[in-house]
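FYI, side chains are in, hydrogens and waters are out, and symmetry mates aren't considered; it's all heavy atoms of this structure. The sequence lines fix the lettering, A, B, ..., with proteins before strands; numbering per chain opens at 1.
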2 protein chains.
Amino acid sequence: MNLDSILLAMLKEPTTGYQLKSAFDQNPSHFWPAELSQIYRTLKRLEESGFLKVSTESSDRGPQRRVYRLTATGRKHLHEELAKEPVVISRQRLPYIAQLFFLHELDDLQATREFIQCIREQCITQLATYKKITQQAKAEYGGSLDDATDEAFHKFLTLDVGIRTSKARLKWCDETIEQIDRRLTKGKRKAGAKKRSSK
Amino acid sequence: MNLDSILLAMLKEPTTGYQLKSAFDQNPSHFWPAELSQIYRTLKRLEESGFLKVSTESSDRGPQRRVYRLTATGRKHLHEELAKEPVVISRQRLPYIAQLFFLHELDDLQATREFIQCIREQCITQLATYKKITQQAKAEYGGSLDDATDEAFHKFLTLDVGIRTSKARLKWCDETIEQIDRRLTKGKRKAGAKKRSSK
DNA sequence: TGCAGCATGTAATTTGTTACATGATTCT
DNA sequence: AGAATCATGTAACAAATTACATGCTGCA
């Protein structure tokens, strides 16, 4: 899965680049952020590949809009991409884990504690966002998942995995902070003992 | 955190690009994969920035080796990077989530089931890897976390968050497959009812 | 008058992937 | 003799980030 396929998938209705960006920010941005400039460039390339076709329309307000439509070739390409096996999930770059891994270099457990605290806050914000979207989605399909469309069901699944991993991470943060605190008091005791023995 | 900082952090001992790649594959590759070609390019740039200095040494076996050493400027730069706040974790690209989100387009729940199954297998493999490394690490620091060095402690933390998120994801896979199966049998019942009513 | 929102892009740079190219030593 | 390991890179391409550049409409 790449931005190309995501844009093709979002083009069920003829849309402009600007509108796509707004739609992006509503939902796919949680698992795939993208800048407007990148969207425009990608749309252009997709058009050159024959996956999209454009028509220029003048709107009542603002400048002319370039409306993109999915072609049959584009739809076929999308379906091929969707039918692929999922990418190897372990080949992800996790900058915050990398930073934590090397943070011992600072030789400052208090700094590590603040680092985890910061991640903890992000988890809470993220959880709140996921839950808000879940509520909105529930309102759309009535509340009972069994009656939801396949589209709503798939959307629910992505939210669910997000909520679960955020919760797991949050719990990790809490227990890690406790462990750091134990380490910090233990360190102080040792330092105290050292002081007493050296005088 | 980027590859630059990771390489600086890994250069506690003077090392060659090739050795760095081996070390990479042992550990940081779980949260930051990198190819040799990229490592060489980055080392070159870091040297040009004055963060590293090189000395060419002839080895007893194989061609000459270029041994990189961290400079004082490099160490300072690394510490600045480490002291930064963690990056926004929600701005991650999760291709498999994106694919799942749009998978309803195929209109084939069975395909979604296989997709989740595939992710499930990856989770299991990943969990096994994490646990193996945890065992190795434990052997190094004796078994009791309280007595572990700060370095071992930080390493443990990164493994722990990996294990927890993998477990959460695995549980999600299992419960999702159950839900899909319920949906599939329900769909069949409906199709059957339709058939009966139409004849 | 100035700001927010609609609407379109280009340019430069950085980062990551894949393929190619070379050559020595050691083990089987 | 050939494969594996050590050891170095270049080149081409793809993807993503950041900054810049433009201009209209409607509202306060």
Between [N] ([atom2]) and [X] ([atom1]): distance, integer Å:
{"X": "Leu7(A)", "N": "dA16(D)", "atom1": "CG", "atom2": "C1'", "result": "14 Å"}
{"X": "Leu43(A)", "N": "dA16(D)", "atom1": "CG", "atom2": "P", "result": "14 Å"}
{"X": "Asp4(A)", "N": "dA14(D)", "atom1": "CG", "atom2": "C1'", "result": "10 Å"}
{"X": "Gln64(A)", "N": "dG9(C)", "atom1": "CD", "atom2": "P", "result": "10 Å"}
{"X": "Glu57(A)", "N": "dC24(D)", "atom1": "CD", "atom2": "P", "result": "20 Å"}
{"X": "Leu3(B)", "N": "dA15(D)", "atom1": "CG", "atom2": "P", "result": "20 Å"}
{"X": "Gln92(B)", "N": "dT17(D)", "atom1": "CD", "atom2": "P", "result": "12 Å"}

Using a strict cut-off of less than 4.0 Å between a Lys/Arg side-chain nitrogen and an Asp/Glu carboxylate oxygen, indicate whether [X] and [Y] qualify as a salt bridge.
{"X": "Glu57(B)", "Y": "Arg69(B)", "answer": "yes"}
{"X": "Glu105(A)", "Y": "Lys12(B)", "answer": "yes"}
{"X": "Glu178(B)", "Y": "Lys171(B)", "answer": "no"}
{"X": "Glu81(B)", "Y": "Lys84(B)", "answer": "yes"}
{"X": "Arg183(A)", "Y": "Asp150(B)", "answer": "yes"}
{"X": "Arg41(A)", "Y": "Glu48(A)", "answer": "no"}

Contact class for Arg41(A) (heavy atom, under 4.0 Å): base, sugar-phosphate, or nothing?
base
Which nucleotide in the list dT17(C), dT17(D), dC6(C) gets nearest to the side chain of Tyr18(A)?
dC6(C)
If you check every side-chain atom of Arg66(B), which of dG9(D), dA16(D), dT8(C) has the closest atom?
dG9(D)
Go nucleotide by nucleotide along DNA chain D from the 5' end; which of Arg91(B) and Tyr68(B) gets its closest nucleotide reached first?
Tyr68(B)
Of the residues in residues 29-39 of chain A, which ones touch DNA chain D at a heavy-atom distance under 4.0 Å?
Trp32(A), Glu35(A), Ser37(A), Gln38(A)
Look at the side-chain N and O atoms of [X] and state whether any lies under 4.0 Å from the OP1 or OP2 oxygen of [N].
{"X": "Lys21(A)", "N": "dA7(C)", "value": "no"}
{"X": "Arg45(B)", "N": "dT14(C)", "value": "no"}
{"X": "Tyr40(B)", "N": "dT8(D)", "value": "yes"}
{"X": "Thr16(B)", "N": "dT8(D)", "value": "yes"}
{"X": "Arg93(B)", "N": "dA16(D)", "value": "yes"}

In terms of ring plane angle, is the pair Phe31(B) and Phe102(A) parallel, tilted or perpendicular, where the classes change at 30° and 60°?
perpendicular
